[in-house]
Amino acid sequence: MTAYEERTLPRALPIGPAGWRTPGWWGVLALIGTEAAVFAYLLFSYFYLQSQTTEAWPPSGLPPLRWSAPSTVAMLVSTATVWWADRGMRLGSLARLHSGLIVTVLLGICYIILQCFDWRGEPFLANSGAYGSLFYAITAFHVLHAAAGVLILLAALGWSAMGYITPRRNSVVTVVAMYWYFVVVAWIAVFISLYLLPWISTH
Amino acid sequence: MAANPTFQTPEIVVADEELHRKLEHMWSDPPGIHGWLGTTDHKKIGKRYLFTAFVFLIVGGLEALGMRLQLAQPNEHLLSPGLYNQFFSMHGFTMIFLYALPILSGFSNYLWPLILGTRDMAFPRLNAFTYWVFLLAGIFLYIGFWNGKGTDVGWFNYVPLAERAYNPDWNVDVYSLGMIFLGISTTAGAVNFIATMFRTRAPGMSISRVPIMIWGTLVSNIGILFAVPAVSLDFLMLWLDRRFGTQFFNPSAGGRPLLWQHLFWIFGHPWVYAIVLPAMSIVSQGLPVYCRRPLVAHSAVVLATILTMVLGFGVWVHHMFATGLPVIALGFFAAASFVIVIPSAVSVFAWVATIWTGRPVFTTAFKFFAAEIVLFVIGGVSGFMTAAVPLDWQLTDTYFVVAHLHYVLIGINVFPVIGGIYHWFPKMTGRMMNERLGWWNFWLMFIGFNLGFFPMHISGLEGMPRRIYTYPANLGWGDLNLVTTIGSFVFALGVLLFVINVVRSRIKGAPAPANPWDASTLEWATTSPPPSHNFTVIPQVASLDPLWEERLEGSRQSLLEEGPVLDHEHEIPGTTVLDAEPDVILKMPHATLAPISLALLIAGTFVGLLMSMWWVAAGCLLAMIPALLWWFWPSPELGFAERVRP
Amino acid sequence: MRRLVAILVVLAPALAHAGPMTFMVSHGAAANPITKLGWGLLGLSIFVGAFIALAVLIGIWWKRGAGEYDARGWPVLSHGRNGLPWLWIGVPVSIVLLLLSAIWTFYVLGVATAAPGHPKITVEVIGHQWWWEVRYSEFGYPRRSFETANEIHIPVGVPVELHLTSADVIHSFWVPQLAGKTDTIPGQINHAWIEADKPGIYRGQCAEFCGLQHAHMALYVVAQPVRRFKAWWTHQLQPAADQVTGLAGEGETVFRTRCAICHTARGMPGSQGKLGPDLTHLMSRRTIAAGTLPNTPGNLAAWVSDAPAQKPGVDMPAEDLTGPQLQALLAYLKTLK
Ligand code: HEA
Ligand code: HEA
Ligand code: CUA
Ligand SMILES: [Cu+2]
């Protein structure tokens, strides 16, 4: 037995990004950290301008919940479906993985469409004032994230359909799901700040 | 369906020549242009970073010398006011963004896997991508300058001056888009360092055995992750204001000019620590080697590094003391700026103690590191003075601040960097640098620097504002400025000597042994220069200073010659976060053109946005989707999938 | 470090001779406590810098030869002596020094921001690219207000409150010997105050980069005994002479057609331009173009005929006036006492 083996018995190690904290997991975690910071700074800007204004906030009246409330529901439900899919795969059910991912993608698209309706209904434009500029910047930035999320969900779906993803090599799905949770959490923060707080603070 | 092996039990062997040759062949890049453009070798990428950033230092330095000539005497007419304003703006952002961080990324890229005892970064392709984006963004940021109009509103680019109404040219558009572009590189780099640190350290390098150099870069990059978004967002909003008439900063439409400043400095202050913490850790790593003892209070210095970064996020308002904020806010941020002195004091005293209790060897690198301590303290205490709010009302925007920022930036970035090159040049090239030239190099730089920049404190106290292209004769600033100009040229001569030394030593320096300085960390355990696979067998680490164990502890516990063979394609061990227990074998990619292609697509997007050629931008953006799919394809070769495609 | 000390010694006279812009010398209640703080913290800083520099130097030379050497002549490795006392002493001492500095700083902050009793006078200062608009008004007497530019008169020993804002980009109002800087920011009014202990002319300069001619945006504060200040005020309230004849009369016509869209000469009908400084009492000012040129007939002629040549980028166009027109105009400007 060599000195090396005395200390650490060599054991069989999985090859490739197996297990939980794969490099990709750390990478996406870091990415999420930095994206979360962007949202934080956007909301900082929003609250900063609100704190500096002497006029009514929002200037054009309370934000409508007609579209944003159902889109929030879609987002919330999608966390459950993506969790269900991820979990299903761990338990070995590719069928659950596939159907879960498909439903999540549909909910994501649903959110994007609802948000487009919301934009159509707003009485201001991105260049009609600082509020409008920020409102569109924040919501558009979020919609872009949701769109990116949908695309990577689709990629994961495609790859698993091609047989690349198996319960033992599942890091792609884990990571994609993690990203989607982030998209939803970011939306909740946006929804509360932009849509709900004005209702609460005016009463 | 063909099966890909899912598990492997690595065989333990003693490194031999045959294995070395096999790995060397396996890890070296394919010949020709494909290998050159596609390389994912962290050592090549690191050297490219160092080279490119140094070129930017010289460009920014030449701009500075131009400014110095203009300011040498009152009422000079060498540069027109417009040109002067471009010079100081280009100088500022070139130095801060294109030199100061990238040069440190160069060191880190080159050294990390070597110090960590592994064969590559966690994401080699991302590493290549990061470099290409940096290079392209650097070129992008200069296109305005080559076309006669560089950005001219200073590196912090305050609105409304930077808005279209006051700056109709495209120069600020170039700067805004360029900064967002460059931010991609910085962020991607940070992601890579973080994953590397947490996943790919050599077995046994538990968290308490991680060398200080790694900590500095890691902490800096975690900071970057949270700081850079603020500035990218800021520049995006400005660009939207300029291009599409949004109103983020327009006070007559509900916007606020100060929003720009808040976001900029929320980024800006952490950033100045991001560009010095790795450099400080170069000193913490190099100084003890020449003092012939381990660093005093290693853990305290690590904690101080972390604390500096954390506190660094809470002091941004000290750049805005004169903007009329409420007194409460001023008091809070002044207090925070005082508190941040404490972790700096920890590092300073640890270095001094290392010198006192060690027995220094007078190499050129040592001189640069020791000089850094003194320059840091001079720069630090001037920062401490500006942190005192009422005093800052006098000091702000004068040459006193210019003196502060050069003492810290040159003192704790340029000096450690030059010292670091003297230290690691043998490792990187296999040749020693000339110590005699080094002596001249050091003293010219040290004397020139102090001669040039110390008087700036006094011109500041004499009331000379910064960013003025000329000044009248009757205010008593002429002589001080003449001295400053002379000093700057002496300093530049020192830099020139350094360039000469590097070129000369590269060609005919004495051959370097594996460990010329008798240093303690793993990069010195492999040959100089290292083979393309770094380590023939992956080392096992048992202490902070593996190469000093015999002499300090009596016997060597770390295993350097014997270890697991990982020789089926590019393999490295993946280890756990705290204990660095190996738990997987990671497969690393080969040279590929995906990174440079993606970088070019991004460049295309930004050029399209700049020229308002929306279809170019949109086309490049869409093309990125297949490019990304290609990149992230879970190929069985990388061990992503168990089964090879049917 | 010895080198630094040497430089310091050589350069010290530069500080001692105290140029007009130095703030290490001050002449007013708003600046005095800051100057003291400045000298105090500077002293502490020099002490800290010198201490560490000496520590490094001594550490390098002291006991360097003692101990064993290895084959190539380098000192052998060792754990070294215990270096921790440096931290145990150095860090707490630094903390104490910081604490003391912080207390002093907050004290001065309090003094400097406290409203100076009931200011008798409020002056509005508006930054422009690249000159200062100055508005005087007396509370409750709308007819006692007037406008001027680039030169602020204040009575000695009386705190003067300043309301600072900007018409375009951010500038910073700074008269070093009377007070620290306060930015002038569009869309926001900042408050500051100045007071002069003794009569004199204090130079000030814009301190925030504001574009091409940021270097040429100075101003003067003229502190006068109260009586002379009142006389000045009363004089400034007068409109421009309305009966000008002869050459000056011709000049008035030129002014009305060429200059009045940007400049005001109070009392002259149609002369209400706001883009440039108020010229009603131009001749009472010491400099023109925001402190760039002394107000001499030669400079004035040069300025009026081709302002951008004197101050490149300025918003005032080069007027191509004929010789006689220029002479007439200058004759008229001379009446603007
Ligand atoms: C590169 C890095 C860097 C570093 C490390 C620092 C370090 C510090 N900086 Fe500096 N700073 C800049 C880069 C940096 N700065 C730049 C680029 C600008 C200008 C930006 C621009 O406007 O263009 C700037 C501007 C700047 C300002 C704004 C000035 C103005 O525009 O009005 C202030 C104000 O508080 C400040 C404070 C500080 C403080 C308190 C520290 C502290 O971290 C320093 C702490 C260190 C020490 C004090 C020395 C060691 C300590 C001891 C030996 C203990 C004993 C000491 C005492 C008891 C005092 N800095
Ligand atoms: C790392 C950062 C860094 C570095 C290294 C420097 C280096 C220098 N800086 Fe600068 N500086 C800044 C960061 C930096 N600066 C910043 C952030 C600002 C604020 C900008 C703003 O206000 O927006 C600033 C502003 C600034 C000003 C104030 C301008 C103003 O307010 O009007 C001045 C004035 O003297 C100045 C001078 C110099 C000089 C003389 C050097 C010298 O060290 C340069 C030395 C010269 C070289 C390094 C070149 C050597 C090259 C050769 C000898 C040729 C060799 C050629 C070949 C081999 C081909 N700098
Ligand atoms: Cu106005 Cu600078
Ligand atoms: Cu700062």
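Keep in mind it's a predicted model, so treat the numbers as computed, not measured. Hydrogens, waters and symmetry mates play no part in the numbers below; they use all other heavy atoms, side chains included.
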Item to check | Inter-chain contacts: residues 135-156 of chain A against chain B, heavy atoms under 4.5 Å | outcome: A/Ala137, A/Leu151, A/Ala155
Checklist entry - Which region of B/Phe632, side chain (C-beta onward) or backbone (N, CA, C, O), has a non-hydrogen atom less than 4.5 Å from a non-hydrogen atom of chain A, or is it both or neither? => result both
Item to check | Interatomic spacing from CG in B/Leu259 to CD in A/Gln52 - rounded to 0.5 Å | outcome: 9.5 Å
Item to check | Residue B/His568 versus chain A: region with a heavy atom under 4.5 Å | outcome: neither
Less than 3.5 Å apart, which donor and acceptor atoms pair up between the side chains of residues 187-198 of chain A and the rest of the protein, not counting sequence neighbours?
unit_1, atom_1, unit_2, atom_2, d
A/Trp187, NE1, A/Thr72, OG1, 3.0
A/Ser193, OG, A/Ala189, O, 2.7
A/Tyr195, OH, A/Gln115, NE2, 3.1
A/Tyr195, OH, A/Asp118, OD1, 3.0

Checklist entry - Any idea which heavy atoms bring B/Ala122 and A/Pro23 closest together, and the distance? => result CB-CB, 4.4 Å
Next on the checklist: Heavy-atom pairs under 4.5 Å with chain A - which of B/Leu240, B/Ile194, B/Thr187, B/Ile266 has more of them than the others?
Outcome noted: B/Ile266
Checklist entry - Nearest 0.5 Å, what's the OG1-CG distance between B/Thr246 and A/Leu125? => result 12.0 Å
Item to check | Over 12 non-hydrogen atoms of neighbours within 6.0 angstrom of CH2 in B/Trp631 | outcome: yes
Next on the checklist: For A/Leu49 versus B/Arg256, what's the shortest heavy-atom pair and its separation?
Outcome noted: CD2-CG, 3.5 Å
Item to check | chain B interface, residue from A/Val172, A/Thr53, A/Leu134 that has the most non-hydrogen pairs under 4.5 Å | outcome: A/Leu134
Next on the checklist: So for B/Leu126, is it side chain, backbone, both, or neither that comes closer than 4.5 Å to the heavy atoms of chain A?
Outcome noted: neither
Checklist entry - Is chain A contacted by the side chain of B/Phe244, its backbone, both, or neither, given a heavy-atom distance below 4.5 Å? => result backbone
Item to check | Stepwise side-chain contact (heavy atoms from CB on, under 4.5 Å) check, A/Trp26 with B/Val577 | outcome: CA-CA 11 Å; A/Trp26 282 105; B/Val577 180; 3.4 Å; yes
Checklist entry - Is the number of heavy atoms from other residues, nucleotides or ligands within 6.0 Å of CG (A/Leu91) greater than 12? => result yes
Next on the checklist: Just to be sure I understand the criterion: a residue of residues 32-48 of chain A counts if one of its heavy atoms is under 4.5 Å from a heavy atom of chain B. Which ones qualify?
Outcome noted: A/Gly33, A/Thr34, A/Ala37, A/Val38, A/Tyr41, A/Leu42, A/Phe44, A/Ser45, A/Tyr48
Checklist entry - Passes side-chain contact (heavy atoms from CB on, under 4.5 Å), A/Trp25 versus B/Phe198? Steps please. => result CA-CA 11 Å; A/Trp25 186 89; B/Phe198 288 132; over 6 Å; no
Checklist outcome for this item: From the list B/Thr9, B/Leu586, B/Ile585, B/Val584, side chain to side chain contact (heavy atoms under 4.5 Å, CB included) with A/Leu13 holds only for B/Ile585
Checklist outcome for this item: From the list B/Leu258, B/Val228, B/Ile222, B/Asp234, the residue making the most non-hydrogen contacts under 4.5 Å with chain A is B/Leu258
Checklist outcome for this item: Applying side-chain hydrogen bond (donor to acceptor under 3.5 Å, both in side chains) to A/Ser128 and not counting sequence neighbours gives none
Checklist entry - Hey, which of A/Ala30, A/Ala126, A/Ser133, A/Pro59 has the most heavy atom pairs under 4.5 Å with chain B? => result A/Ser133
Item to check | Toward chain A, the part of B/Leu233 with a non-hydrogen atom under 4.5 Å | outcome: side chain
Next on the checklist: For the interface with chain A, which of B/Val191, B/Leu263, B/Leu225 has the highest count of heavy-atom pairs at distances below 4.5 Å?
Outcome noted: B/Leu225
